[in-house]
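See below for the structure under consideration.
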Amino acid sequence: MSQKTTEKDYLTMDDVVLDNKRVLVRVDFNSPMDANGNIMDNRKIKSHLPTLRSLENSIVVLMSHQGRPGDKDYTTLEVHAKLATELLGREVTYEDDIFSACARNAIKSLEQGDILLLENTRFYAEENMNRAPEEQAKTQMVQKLYPLFDLFINDAFSVSHRSQCSVVGFTKVLPSVAGILMDREITGLDKGLKCHEHPAVFVLGGTKAKDIVKVISDILKRGDADKILTTGVVATVFMMAMGVDAGEVNRKFIEDHKFLDQVSIASKLLKEYPDKIIVPEDVALNNGGKREEAKVGEIKGDLPIADIGQETIADYSNVLKEARLSVFHGPAGIFELDNFRLGTEELLKAAAQSDYSIAGGGHTLAVIDQLGLESKFSHLSMGGGASITYLSGEPMPGIAALKSYASRSFKG
Ligand SMILES: Nc1ncnc2c1ncn2[C@@H]1O[C@H](COP(=O)(O)OP(=O)(O)OP(=O)(O)O)[C@@H](O)[C@H]1O
Ligand SMILES: O=C(O)[C@H](O)COP(=O)(O)O
């Protein structure tokens, strides 16, 4: 049923017949939830609407995860089906199981135009193991479900850095293509990363210092970046790597978040790429909720760093204004507090001006939304960990599995 229509090394929904086909779609509806089990941000669900709208003449079953075992937001997808129904304007029914006889009967009874959302895939233990597609294809989830479908669509870029059952398993046993969101993510990120626009400036911050230090190392090794502007907690690690006394409270923050080992890695990177990695000259400290500017090296009073400082904001903005490619991941400060959102806001405005601008990460997208800057960015990635993995050039098992299906089908 596959008919390749583009030069891509994976198939898309344009390459296959969809009408009246029984289609299993892996989406990522994983959303922030409040204590009462309500979805706090509908962005993840909205991002799949183009794919779902293109499937209006198919028989559609959706799979998604929500949270991780043991976490507060590890819960059923019942409310997700309701919200998807509202957003799509068509009923998305919910089945409180994944592959039981009951769930399979519900799938079998679907008719053209129906959409059914199965239960949280991570309620099935083997979903939580990262294994090769061959192994995942043998699981009960895949074996019980795949005979009920003609096609598998992976639209979940943001979980495709995981080799989980519902992400890679079906690609071994069903014709498999990328959904519209997946295709947009790959195309949007590649356009920025592979077209070699220069100067290429990366603004990397937020709290995931370990992941970001690795991304910085990978990007610099590949030679893709002209400048890396460090912000957020990532900047604190690099300041410490320069031997700066960040104050006990900030050192403790880094220790408590298990980032102390990143300081020596950051130090090596600074030695290897002295002109490329830029560390803030000043910061904003949180003095009882008030913003207190301080030069790096003169951080007194043991106050927590909560934003980059005003001189750094001006310098970084100037670098960004010259950039032809900008990539922004992770807020520059604790933007949730009004006094400490300046760095994130100003740098996002500056990044949006470059010829090709990419931004990713849950909190980052929320600020872009609040600032009304969505249309100013060339590509907004729904991926948090996934876009970091993609940026670092590491293989993404979910995408590799689609490519592997495509290469088998072209040969066949
Ligand atoms: N200096 C800082 N100290 C403490 N927290 C900070 C600092 N700078 C930024 N943050 C916090 O970082 C958090 C966001 O970081 P995070 O790495 O999760 O970014 P993100 O855009 O959501 O990416 P992802 O989707 O990968 O999680 C925000 O809650 C913000 O308050
Ligand atoms: O929110 C995300 O980044 C994705 O849904 C992946 O979730 P995970 O990090 O729990 O696999």
Side-chain angles (χ1 to χ4, degrees), residues 26-33 41 43-45 47-48 64-71 73-74 80 120-122 127-130 155-167 185 203-213 215 230-240 246-247 249-250 252-254 256-257 259 280 283-286 299 303-309 312 327-344 347-348 359-369 380-392 396-398:
R26 178 53 159 103
V27 288
D28 181 357
F29 281 178
N30 180 30
S31 303
M33 314 277 299
D41 182 340
R43 207 182 317 258
K44 278 283 198 69
I45 298 180
S47 67
H48 293 288
S64 176
H65 68 286
Q66 170 62 54
R68 297 175 184 175
D71 285 358
D73 64 349
Y74 178 60
H80 301 64
N120 186 347
T121 51
R122 290 186 181 172
E127 171 76 347
N128 300 293
M129 300 163 83
N130 282 283
D155 206 30
F157 172 84
S158 46
V159 71
S160 286
H161 55 319
R162 313 249 179 251
S163 197
Q164 295 184 338
C165 202
S166 66
V167 179
E185 289 276 14
V203 188
L204 300 176
T207 47
K208 299 190 179 73
K210 186 171 179 190
D211 296 337
I212 299 285
V213 168
V215 172
T230 61
T231 68
V233 177
V234 178
T236 310
V237 169
F238 277 92
M239 281 176 220
M240 289 170 65
V249 71
N250 294 306
K252 181 92 178 28
F253 182 97
I254 296 300
D256 290 349
H257 286 77
F259 295 147
V283 291
L285 302 172
N286 184 349
I299 299 174
L303 299 171
I305 300 170
D307 195 6
I308 52 171
T312 305
V327 179
F328 193 112
H329 194 109
I334 307 182
F335 70 91
E336 294 90 340
L337 303 174
D338 279 349
N339 283 338
F340 303 101
R341 52 187 295 133
L342 190 68
T344 306
L347 296 190
L348 279 172
H363 293 85
T364 309
L365 294 198
V367 190
I368 291 173
D369 189 19
L380 294 176
S381 175
M382 295 309 298
S387 61
I388 292 181
T389 306
Y390 203 86
L391 290 175
S392 69
M396 301 264 288

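Every value quoted in this text rests on a predicted model; they were computed, and no experiment measured them. Atoms within a ligand are numbered from 1 in the order they appear, just like the ligands themselves.
- Salt bridge Arg68/Asp73: absent, no basic N to carboxylate O contact under 4.0 Å.
- Atoms of ligand 1 lying under 4.0 Å from any heavy atom of Lys208, numbered from 1 in the order shown and given with element: 16 (P), 17 (O), 18 (O), 24 (P), 26 (O), 27 (O).
- Judged by distance alone, the side chain of Thr312 and the main-chain N or O of Ile308 form no donor-acceptor pair under 3.5 Å.
- Scanning both residues, Gly67 and Asn30, for their nearest heavy atoms gives N-OD1, 2.9 Å.
- Those atoms of ligand 2 with a heavy atom of Asn30 less than 4.0 angstrom away are 1 (O), 2 (C), 4 (C), 5 (O), 7 (O).
- In this structure, His257 NE2 and Lys252 NZ are separated by 10.5 Å, a value rounded to the nearest 0.5 Å.
- Counting the atoms of ligand 1 from 1 in the order shown, those under 4.0 Å from a heavy atom of Gly232 are 1 (N), 8 (N).
- Among all protein heavy atoms, the one lying closest to atom 19 (O) of ligand 1 is Pro331 CD, 3.4 Å.
- Among the atoms of His363, some N or O lies under 3.5 angstrom from an N or O of ligand 1.
- Atoms of ligand 2 lying under 4.0 Å from at least one heavy atom of Arg68, given by number and element, are 8 (P), 9 (O), 10 (O).
- Protein heavy atom closest to atom 6 (C) of ligand 1, with residue, atom name and distance, is Ile334 CG1, 3.6 Å.
- Residue Lys44 approaches ligand 2 through these ligand atoms, each under 4.0 Å from one of its heavy atoms: 1 (O), 2 (C), 4 (C), 5 (O).
- For Gln66 and Ser31, the side-chain atoms include no donor-acceptor pair closer than 3.5 Å.
- Between Ser64 atom OG and Asp155 atom CG the span is 11.0 Å, to the nearest 0.5 Å.
- Closest to atom 26 (O) of ligand 1 among all protein heavy atoms lies His329 NE2, 3.2 Å.
- Closest to atom 25 (O) of ligand 1 among all protein heavy atoms lies Gly362 N, 2.7 Å.
- Residues His65 and Phe29 place their aromatic rings such that the two centres sit no closer than 6.0 Å.
- At least one heavy atom of Phe253 sits less than 4.0 Å from an atom of ligand 1.
- Between Asn250 and Thr236, the side chains place no donor N or O within less than 3.5 Å of an acceptor N or O (distance only, hydrogens not considered).
- Among protein heavy atoms, atom 2 (C) of ligand 1 sits closest to Val233 CG2, 3.7 Å.
- Of all the atoms in ligand 2, the ones that sit under 4.0 Å from a non-hydrogen atom of Arg122 are 8 (P), 10 (O), 11 (O).
- Within the listing of ligand 2, atoms 4 (C), 5 (O) sit less than 4.0 angstrom from a heavy atom of Asp28.
- Those atoms of ligand 2 that come under 4.0 Å of a heavy atom in Ser158, given as number and element, are 4 (C), 6 (C).
- Pairing each heavy atom of Gly330 with each of Thr364, the nearest pair is N-OG1, 3.0 Å.
- Considering every non-hydrogen atom in both Gly205 and Thr231, the closest pair reads CA-OG1, 3.1 Å.
- The shortest N or O to N or O distance between Arg162 and ligand 2 is under 3.5 Å.
- Annotation for ligand 2: atoms under 4.0 Å from non-hydrogen atoms of His65 are 4 (C), 5 (O), 6 (C), 7 (O).
- Atom CD in Glu127 sits 5.0 Å away from atom CD in Gln164 (nearest 0.5 Å).
- For the residue pair Phe340 and Asn286, the shortest heavy atom distance occurs at CZ-CA, 3.5 Å.
- Remark: His161 NE2 to Tyr390 OH distance equals 14.0 Å, nearest 0.5 Å.
- The heavy atom nearest to atom 9 (C) of ligand 1, out of those in Ala284, Gly333, Ala359, Ser158, is found in Gly333.
- For atom 17 (O) of ligand 1, the nearest non-hydrogen atom of the protein is Thr207 N, 3.0 Å.
- Scanning all protein heavy atoms for the shortest distance to atom 21 (O) of ligand 1 gives Thr364 OG1, 2.6 Å.
- What sits closest to atom 28 (C) of ligand 1 on the protein, heavy atoms only, is Glu336 OE2, 3.3 Å.
- Interface atoms of ligand 1 facing Ile305, defined by a heavy-atom separation under 4.0 Å, are 1 (N), 2 (C), 3 (N).
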